[in-house]
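Residue numbering restarts at 1 for every chain, and letters A, B, ... go by the order of the sequence lines.
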2 protein chains.
Amino acid sequence: MRKRANKGNYTRVLRKIWLSEGISRIEIADYLGLDKSTITNITAALQRDGIITEMSEGDAGPQGGRKPIKLKIEKNFYAAAGIEVQPDCCNVICINLLGEVLFSRKIKFEMDIFQFPIFFSKLIKDIKSDLNEKRVILAGAGIGVSGIVNPEKGAILESIPLGINEEFPLLDKLSAMVDVPVFIDNDGNCCCWGELVFNRAEQLQDFIYCFVEFRDDCGVAIGLGVAIDGKVHYGRNYSAGEFRSVFMEGENSGQIAILNDERINKEDDSDLFEKISSELGRNIALLVNTFALSDCFIGGDLTTAQLEIMSRALRTEFNRNWSYPGESECRIRASSLRELSVAYGAASMIIDSLFRIPAVRDTGSAEFDIPGRII
Amino acid sequence: MRKRANKGNYTRVLRKIWLSEGISRIEIADYLGLDKSTITNITAALQRDGIITEMSEGDAGPQGGRKPIKLKIEKNFYAAAGIEVQPDCCNVICINLLGEVLFSRKIKFEMDIFQFPIFFSKLIKDIKSDLNEKRVILAGAGIGVSGIVNPEKGAILESIPLGINEEFPLLDKLSAMVDVPVFIDNDGNCCCWGELVFNRAEQLQDFIYCFVEFRDDCGVAIGLGVAIDGKVHYGRNYSAGEFRSVFMEGENSGQIAILNDERINKEDDSDLFEKISSELGRNIALLVNTFALSDCFIGGDLTTAQLEIMSRALRTEFNRNWSYPGESECRIRASSLRELSVAYGAASMIIDSLFRIPAVRDTGSAEFDIPGRII
DNA sequence: TTTAGTTGGTTTATGCAATCAACCAACATG
DNA sequence: CATGTTGGTTGATTGCATAAACCAACTAAA
């Protein structure tokens with residue numbers, strides 16, 4: 001059929017086991033609409049590869065019959081690294097196939113896009129040797145940056161904090177230095193990847209991630225990430241998620257109308273923060289209700305109190321914009337991983353790619369291979 | 001491999017010919033990443049079936065070589081019917097595989113959901129006999145209704161104009177009476193289907209359709225339809241597209257804040273209409289920019305003058321909400337089919353289904369078959 | 001007119017994923 | 001202990017896609 005590539009149903013089976021740990025062969029066959037013998041063959045190959053194992057026997061059904069054999073992912077078969085790039089430092093994380101955090105650290109690095117490849121390749125080398133002690137292989141590294149990113153080409157199209165205003169082919173520089181796949185994406189989108197992976201059992205379809213950051217210069221920065229149909233949504237020119245409040249007038253720069261008059265400091269003015277939250281909520285309510293999103297995640301560097309304020313404000317505004325009797329059906333949730341969201345999400349891109357069913361693309365599809373691991 | 005089902009690549013080839021009339025076998029092979037012999041086999045089968053034909057020879061390349069043979073869809077191999085259900089009448093349309101209108105008519109019918117199935121089956125019988133004279137076979141019928149629809153089950157979940165406030169399994173009633181596939185969807189979504197099919201060569205990915213209607217009772221009604229990734233987006237509970245302005249306060253019913261104070265009649269007050277357009281524009285701007293949509297279609301029963309006013313207002317508001325230098329990149333376009341948009345779109349659902357590549361679903365996929373046409 | 005080179009398309013043999021049908025394995029119940 | 005039920009495996013078969021060789025039809029240049 002194809003040279004070597006991920007044979008379609010292999011990934012479907014693998015993904016299902018990933019989503020539903022402890023599932024049996026028969027259940028997979030029913031779920032995927034394949035013959036049970038096909039599942040036998042595929043699971044046998046996956047077991048040979050070592051990426052899944054049998055965990056235990058389940059219980060027989062009420063009418064007797066053979067006990068099912070539960071299957072699970074060998075969670076430390078691979079690990080993925082995630083790196084959040086900030087102006088003055090990097091947050092680094094390593095997670096395994098189930099999204100469990102193996103380790104994380106913060107590294108000082110005065111961001112300079114031309115120095116970064118060297119820094120990056122050293123970092124990967126360190127991570128690899130750390131993982132080597134645990135007998136885990138690195139499957140790849142994800143990078144999350146603020147700005148507009150083309151993740152297919154791995155190019156940064158624009159990034160104010162990184163001082164990039166024309167297309168910069170970062171991936172090309174990086175792949176030349178390391179021998180693992182590297183993915184790059186916008187920070188808000190990374191957060192979406194993170195929630196997709198972390199909450200994979202829920203099979204989230206349509207949600208928004210609202211990323212709030214306090215910046216020394218410009219007050220508050222809002223980044224949005226959107227997932228539609230269980231995939232991160234990029235839109236034209238990969239610019240989805242750029243936020244500007246509907247209440248902004250004229251040529252003003254900035255994102256929130258309230259902040260044209262006032263300034264906010266990180267943790268003191270909860271009154272103003274509430275106003276900001278309300279304005280933000282009004283905006284997001286329109287998005288949430290017109291697109292019928294099921295979840296709204298809140299993340300960024302917020303205190304617990306601020307999170308609380310914002311949740312309430314969002315809830316109020318979602319209901320205000322709700323056309324039907326009763327309350328808005330959108331869940332409001334705090335980000336699952338707090339200050340490590342971006343790094344975690346960056347790593348999740350790699351994990352997700354291992355278990356994602358390749359779409360039947362319109363145009364010819366070129367799969368890519370995963371490194372190492374002698375089979 | 002599989003029983004009979006639409007063999008995946010058959011549909012991919014067929015779709016490509018549908019999208020690019022006059023394409024050659026080699027071009028298809030290159031585009032889809034398949035071997036040219038595979039395309040030979042598939043096109044041979046499609047020719048046997050009669051759904052495609054060779055149209056003419058193209059020109060040889062600059063360095064000589066054999067001339068390519070252009071392929072095209074046999075456009076009258078099937079037709080699809082589309083029915084827009086309104087409280088007092090139905091707009092009916094018939095289109096062929098290329099989306100060309102074969103005929104259309106308006107039929108008086110005092111909508112009553114319990115009488116509708118009988119009306120519908122007579123209508124289909126009439127359409128079939130009309131098509132029979134042209135030697136065209138009916139592939140199916142699409143129905144567009146105002147309200148919230150579950151198109152998978154073919155159930156109307158809620159519709160104020162039709163007086164439905166609990167789930168009504170319309171499809172079940174209808175399929176019992178006719179022998180062709182029937183699809184039902186919300187009117188705004190139908191319009192999206194229509195644009196997807198009508199502009200298929202563009203391969204539209206992410207766009208919004210804004211459906212404006214004047215109603216005797218409530219002034220103006222706004223319906224939105226959204227397409228993401230070349231597919232209509234439904235969201236949680238199929239409720240995507242329900243619109244309520246961010247400027248609405250408190251418990252007010254209605255959609256537009258301006259109209260809480262004022263009333264508008266169909267064609268006289270262009271000042272007020274401009275205000276409405278601006279408010280609407282502010283809202284849509286947020287959607288268009290956050291989701292990075294490439295197009296915004298305007299449809300419904302607007303005069304040319306009103307369309308002009310609204311286009312300008314949208315453009316202004318899109319730019320106001322635009323974060324970057326220059327102008328918003330979202331195209332603003334008048335609906336391609338004016339007052340027949342919904343019916344056309346309803347028919348397009350059927351056409352689209354014939355040429356849509358079945359997604360690799362997570363769960364077992366149950367393909368469905370197309371009626372008639374002795375092969 | 002001949003020859004070489006290029007591109008479009010078909011034919012034939014082969015590989016391989018998925019299926020079917022028969023079978024084995026392990027449990028419950030009367 | 002026979003019987004029914006469910007979980008899972010084995011071996012033969014099916015049919016899609018491929019590769020490689022081939023034919024067809026054209027240009028360009030000698």
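The line from CD of A/Glu74 to CD of A/Gln47 is 10.5 Å long, rounded to the nearest 0.5 Å. Remark: B/Phe77 CZ to B/Thr53 OG1 distance equals 11.0 Å, nearest 0.5 Å. With rounding to the nearest 0.5 Å, the separation of CD1 in B/Ile69 from OG1 in B/Thr43 is 9.0 Å. The distance from atom CG of A/Leu97 to atom CD1 of A/Ile52, rounded to the nearest 0.5 Å, is 12.5 Å.
By the 4.0 Å N-to-carboxylate-O rule, B/Lys128 lies close enough to B/Asp179 to be salt-bridged with it. Ion pairing between A/Asp352 and A/Lys231 fails under the 4.0 Å rule for side-chain N and carboxylate O. In summary, A/Glu54 and A/Lys72 do not engage in a salt bridge, as defined by a charged side-chain N under 4.0 Å from a carboxylate O. A salt bridge does not link B/Glu21 with B/Lys70: none of the charged nitrogens is closer than 4.0 Å to a carboxylate oxygen.
For the pair A/His233/B/Ile228, a side-chain contact is recorded, criterion being any heavy-atom separation below 4.5 Å from C-beta on.
The nearest whole Å value for the distance from the CG atom in B/Leu34 to the P atom in C/dG9 is 15 Å. We find that CG of A/Asp35 is positioned 21 Å from P of C/dC16, with the value rounded to whole Å. Separating the CD1 atom of A/Ile23 from the C1' atom of D/dG8 is a distance of 15 Å, rounded to the nearest angstrom. Rounded to a whole Å, the NZ atom of A/Lys70 is 17 Å from the C1' atom of D/dG8. Look at CG on A/Asn41: it is 11 Å from P on D/dG11, rounded to the nearest Å. Across the protein-nucleic acid pair, A/Ile26 atom CD1 and C/dC27 atom C1' stand 15 Å apart, rounded to whole Å. Put simply, CZ on B/Arg66 is 14 Å from P on D/dT27, counting in whole angstrom units. Rounding to whole angstrom units, CD1 of residue B/Ile28 and C1' of C/dG8 are separated by 12 Å.
A sub-4.0 Å separation between OP1 or OP2 of D/dT10 and a side-chain N or O of A/Thr40 is absent. At the phosphate of D/dC16, neither OP1 nor OP2 sits under 4.0 Å from any side-chain N or O atom of B/Asn9. Taking only side-chain nitrogens and oxygens, A/Arg25 comes nearer than 4.0 Å to OP1 or OP2 of D/dT9.
Distances were taken from every side-chain heavy atom of B/Thr38 (C-beta onward) to each of D/dT18, D/dA24, C/dC20; the shortest belongs to D/dT18. The nucleotide whose nearest atom lies closest to any side-chain atom of A/Ser37 is, among C/dT11, D/dC26, C/dA21, C/dA21. For A/Tyr10, counting side-chain heavy atoms from C-beta on, the closest listed nucleotide (C/dG9, C/dA18, C/dC20) is C/dA18.
Summarising the geometry of A/Leu138 relative to A/Ala81, their closest heavy-atom pair is CD1-N, 3.7 Å, with the distance given to 0.1 Å.
No N or O donor and acceptor, one from the side chain of B/Lys67 and one from the base of C/dG8, sit under 3.5 Å apart.
Among the protein residues, B/Ile39 comes within range of no part of the nucleic acid, since none of its heavy atoms lies under 4.0 Å from any strand.
Nearer to the 5' terminus of DNA chain D, by closest-nucleotide assignment, is the contact made by B/Ile42 (compared with the other of B/Lys36 and B/Ile42).
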Quick test: give all pairs of protein nitrogen or oxygen and nucleotides 1-3 of chain C nitrogen or oxygen below 3.5 Å, distance rounded to 0.1 Å.
none

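One axis for each end of the helix from C/dT1-D/dA30 to C/dG30-D/dC1, each built from five base pairs, and the angle between them comes to 0° at 10° resolution.
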